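Written below as structure tokens is the structure these notes are about.
Chain letters run A, B, ... following the sequence lines, proteins first and then strands; every chain starts at 1. Everything quoted here is computed from the prediction, not taken from an experiment.
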Amino acid sequence: MSIYDTLNDRQKQAVLQTSGPVLILAGAGSGKTRVLTHRIAYLIDQEGVNPYQIMAITFTNKAAGEMRERVDQIVGFGSEQIWVSTFHSTCVRILRRYIDRLGYDNNFTIYDTDDQKGVMKEICKKLQIDTKMLKERTILSAISSAKDELIDPVQYEMQNAYDYNGGRIAKAYKEYQAVLHKNNALDFDDLIMKTVELFKTDAKVLENYQERFRYIMVDEYQDTNTAQFELIRLLADKYRNLCVVGDDDQSIYKFRGANIRNILDFEKVYPEACVIKLEQNYRSTQVVLDAANAVIKNNTGRKEKALWTDKTEGNRIHLRQFDTAYEEAEYIAGDVAKKSRSEQVQYGDCAVLYRTNAQARLLEERFIMEGIPYDVIGGTNFYARREIKDILAYLKTIDNGRDDVAVKRIINIPKRGIGMTTIVRVQDYADSRQISFYDALREADQIMTIGRSASKLQPFVNMIQAFRSKQEFYSLSELVKDILETTGYVQELEASNEEDAADRIENIDELLSKVVAYEETHDEATLSEFLEEVALVADIDRVGESDNKVLLMTLHSAKGLEFPHVYLAGLEDGIFPSYMTIMSDDPLEVEEERRLAYVGITRAKDDLTITYARQRMIRGETQYNPVSRFVREIPPLLMDDKPPVQKRPDHREYDEDSRERGFFKAKPFGMGAVETEKPYRRVADSLSDTVFDKPAAGRQNGEAAFGRKFEPAVQGKPKAIVRPKRTAVENQPYITRASQGVGAVSLEPVGNKTLAYGVGDRVRHMRYGTGTVLKIEPGPRDSQVTVMFDEAGQKIMYAGFAKLVKV
DNA sequence: CGTACTAGTCTTTTT
DNA sequence: GACTAGTACG
């Protein structure tokens, strides 16, 4: 009996087929990670392959870490020699060694979206690009797509010379690359592209890696873009032992360049490829699988597969409709609480999945009220928070003085009286001398134009220089502590009356413990390596760190995970699928969303609950949306409730309708960039009239159905409007003037006069828990409330923002 | 040079 | 609704 006997026939075949190109089409939950890890073990144990010659590539650090762990378990000896990592860290590792051959320093820095935006902003200024017409974002995403397709600035210019906007983007692209090069920085896309460039320009280096990595495995292959495909193709070109694992039905990253053709055309590129389908699902019940299959079969151009399981039929899918998103959140939190009380359900068995990060907020508030431990994955990355980026900018400056973006970020943080004018003048000087911004600072006394400001620059330079020399004998954490102390960063925060100063300080503490943890796991923790690791972590990598908490995340983040109890929230046309895709002329966009629905459904092991709300607040606008078309694609008998009958089930008709009525201008194209003045609300308004057979329960008041627009006209019946506007309104110190007899409906925080609590009262705060009010200081606009929290200690906060609830 | 307020934008998803 | 960049003012 060997470890391979636990595999089914197909899986075994995939493990044993070690030579030549192999495409494993692995349906959701079909045990692909098991196959990959066993395959690695088989290569080493049975075929005597040197672990050193094996490479496994994934998309997230989490997936890489998981695979590493499982490989370590079954491979015993030499497993640490296998390269198991993400595309990005693989490339960084290669580039750190060889990028000098492309004219960069090997200690390059990695720019995140923020840094990129900063660079682009300056470029637009320099090239006199009107950012109202052509936004930094737009340019950057055009550049990113170009890089995904391995198109360099020169090619881009050739392809877009005839187009006005294209031409400008081409110029910006060229300039952008020049700036990054000057700053010795690479962005995310460069990591892949430059590695490919390296392989193509330096045959020796390529040969070296080809010879080393004789067995290459790629996970989530359906998500690779052209550049990543090329990277793999080059690496595998000599020995052609390339095994890719993927599921075309789970391709959900087109927006970041994923090319579904990579998987669909694999057999064309590798005619000798062996194709193996894994269709037995070990995860979900038959009901869940039937639902998933029923939805995905509406897509065209997919590789035919049908998941099956020998697990039991299972519960029917729970379908719940609500009047408002608020009630939806209330139900989900309540249901989780109920389950955890009565059944053998742990919080960690539950996950709530949604289409957009913004949807997390309502759910979060509700989970807090229920006292359920939860974790929100995604949204803003920890390392993208302002205070964290500030500290990292110090570290980057110490590590690599050529990173102008980092230097400029911190030159006046904390405040040193160095303003825009001085910075611009120093930059001019640097430009004229062809030196970096930091080097210009060091010569500040030479710069005539800045006059007496030079005296403010000198201490800054001295401080950085001091850090640099201390770095020699300091540990990483000592360095960070020194930075915090010398700059007085934390003191400045403490002194400031910014409302979230306490959170910021907490984050800094967390950073410090991450630094310490890094030192503990890395023998010779260098600053460069730390910065690099930090640049490449994604939020999803945190999953598993938190134990026994309900996880809240987007459908995208949920890919690759599984939970006994899954809630799919906000299943409404317009949310999921999003308006963007419904409106799109390209029907493939809806297909991509359908794959996302497929991913969502197949996350559930036992129990799936689908919820949707008639009314939802999006970006300050109330929308009315019908149930998602994807729910309608699920056979009703698989669900415990039916979606409501609609007069006109096809959404496209509404679009035409609105177009006729002049609500829609043609899609913006070319340079014309036609205005699109809040088109969505209009659709929503027109929908609310036509969608439902009977009036939605939430709008007996008539006007309420039309959303905020008409609110001022409503007299005396605030409830219907107030409710969806803010969660748990009745518990909060918000009082409508109507109820005070003033007349007009208002939702202003009324502050000092009408706080629902006083000194000595017990109150609850969203984050800090319960505490006692010590002091209330009335201010002109809002009162400052001092609260001694049981857990979090004493905090001073503005009443209007703190949303304290009397308990 | 720093601040405090206003106007405009945004998001659909992320390594 | 929330965040950010830009502006007017001290």
**Q.** Atom-pair distance (CD on Gln359(A); P on dG1(C)), nearest Å
**A.** 17 Å
Q: Taking atom C1' in both dA5(C) and dT12(B), compute the distance separating them and give it to the nearest angstrom.
A: 23 Å
Q. So what does Lys415(A) hit on the nucleic acid, given a heavy-atom distance under 4.0 Å: a base, only sugar-phosphate, or nothing?
A. sugar-phosphate
Q. Which whole-number value in Å describes the distance from Asn625(A) CG to dT12(B) P?
A. 13 Å
Q. Tell me: CG of Leu571(A) to P of dT12(B), nearest whole Å?
A. 17 Å
Q. Taking only residues two or more places apart in sequence, or in another chain, which ones meet Glu591(A) in a salt bridge (charged side-chain N to carboxylate O under 4.0 Å, His left out)?
A. none
Distances under 3.5 Å only, N/O to N/O: pair up the protein atoms with those of nucleotides 8-10 of chain C.
none

Q: Output every pair passing side chain to side chain donor-acceptor pair (under 3.5 Å) with a member in residues 116-128 of chain A, not counting sequence neighbours, ordered by first then second residue.
A: Gln116(A)-Tyr176(A), Gln116(A)-Asp187(A), Glu122(A)-Lys408(A), Lys126(A)-Glu175(A)
Q: Could you tell me whether Asp148(A) and Arg256(A) have a side-chain N and a carboxylate O separated by less than 4.0 Å?
A: no
Q. Over how many whole Å does the gap from Ile575(A) atom CD1 to dT11(B) atom P extend?
A. 15 Å
Q.
Applying a 4.0 Å non-hydrogen cut-off, can you work out what Lys121(A) is touching in the nucleic acid: base, sugar-phosphate, or nothing?
A. sugar-phosphate
Q. dT4(C) phosphate, OP1 or OP2: any side-chain N/O from Lys117(A) under 4.0 angstrom?
A. no
(Q) side-chain contact (heavy atoms from CB on, under 4.5 Å), that's the test. Do Gln228(A) and Phe59(A) meet it? Break it down for me. (A) CA-CA 11 Å; Gln228(A) 288 160 336; Phe59(A) 273 85; 3.7 Å; yes
Q.
Without decimals, in angstroms, what is the distance between Arg386(A) CZ and dT4(C) C1'?
A. 11 Å
Q: Could you tell me the separation between the CD atom of Glu572(A) and the P atom of dT12(B), rounded to a whole number of Å?
A: 15 Å
Q: Would you please confirm or rule out a distance under 4.0 Å between OP1 or OP2 of dT12(B) and any side-chain N or O of Arg619(A)?
A: yes
Q) Can you list the residues that meet the salt bridge (charged side-chain N to carboxylate O under 4.0 Å, His left out) rule with Glu149(A), with sequence neighbours excluded? A) none
(Q) Out of the candidates Arg366(A), Arg616(A), Gln615(A), only one should pair with Tyr326(A) under the side chain to side chain donor-acceptor pair (under 3.5 Å) rule; please name it. (A) Arg366(A)
Could you go through nucleotides 13-15 of chain B and list every protein N or O atom that sits under 3.5 Å from one of its N or O atoms, giving the distance for each pair?
{"unit_1": "dT13(B)", "atom_1": "OP1", "unit_2": "Asn357(A)", "atom_2": "N", "d": "3.2"}
{"unit_1": "dT13(B)", "atom_1": "OP1", "unit_2": "Asn357(A)", "atom_2": "ND2", "d": "3.3"}
{"unit_1": "dT13(B)", "atom_1": "O4'", "unit_2": "Arg355(A)", "atom_2": "NH2", "d": "3.4"}
{"unit_1": "dT13(B)", "atom_1": "O2", "unit_2": "Arg355(A)", "atom_2": "NH2", "d": "2.6"}
{"unit_1": "dT13(B)", "atom_1": "O2", "unit_2": "His556(A)", "atom_2": "NE2", "d": "3.3"}
{"unit_1": "dT14(B)", "atom_1": "OP1", "unit_2": "Thr554(A)", "atom_2": "OG1", "d": "3.1"}
{"unit_1": "dT14(B)", "atom_1": "OP1", "unit_2": "Ser557(A)", "atom_2": "OG", "d": "3.2"}
{"unit_1": "dT14(B)", "atom_1": "OP2", "unit_2": "Asn357(A)", "atom_2": "ND2", "d": "3.3"}
{"unit_1": "dT15(B)", "atom_1": "O4'", "unit_2": "Arg256(A)", "atom_2": "NH1", "d": "3.4"}
{"unit_1": "dT15(B)", "atom_1": "O3'", "unit_2": "Phe59(A)", "atom_2": "O", "d": "2.7"}
{"unit_1": "dT15(B)", "atom_1": "O2", "unit_2": "His88(A)", "atom_2": "NE2", "d": "2.9"}

Q: Grab the CZ-P distance between Arg361(A) and dT12(B) for me, whole Å please.
A: 14 Å
Q) Can a cation-pi geometry be assigned to Arg96(A) and Phe108(A), taking NZ or CZ under 6.0 Å from the six-membered ring centre and within 45° of the ring axis? A) yes
Q.
Need to verify one output field. Residue with the more 5' nearest nucleotide on DNA chain B, Ser578(A) or Gly417(A)?
A. Gly417(A)
**Q.** Side-chain heavy atoms of Ile423(A) within contact of Ile418(A), under 4.5 Å
**A.** yes
Q | With Glu387(A) via salt bridge (charged side-chain N to carboxylate O under 4.0 Å, His left out) - residues at least two apart | A | Arg504(A)
**Q.** Gap between atoms CG and P, on Asp114(A) and dC3(C) respectively (whole Å)
**A.** 14 Å
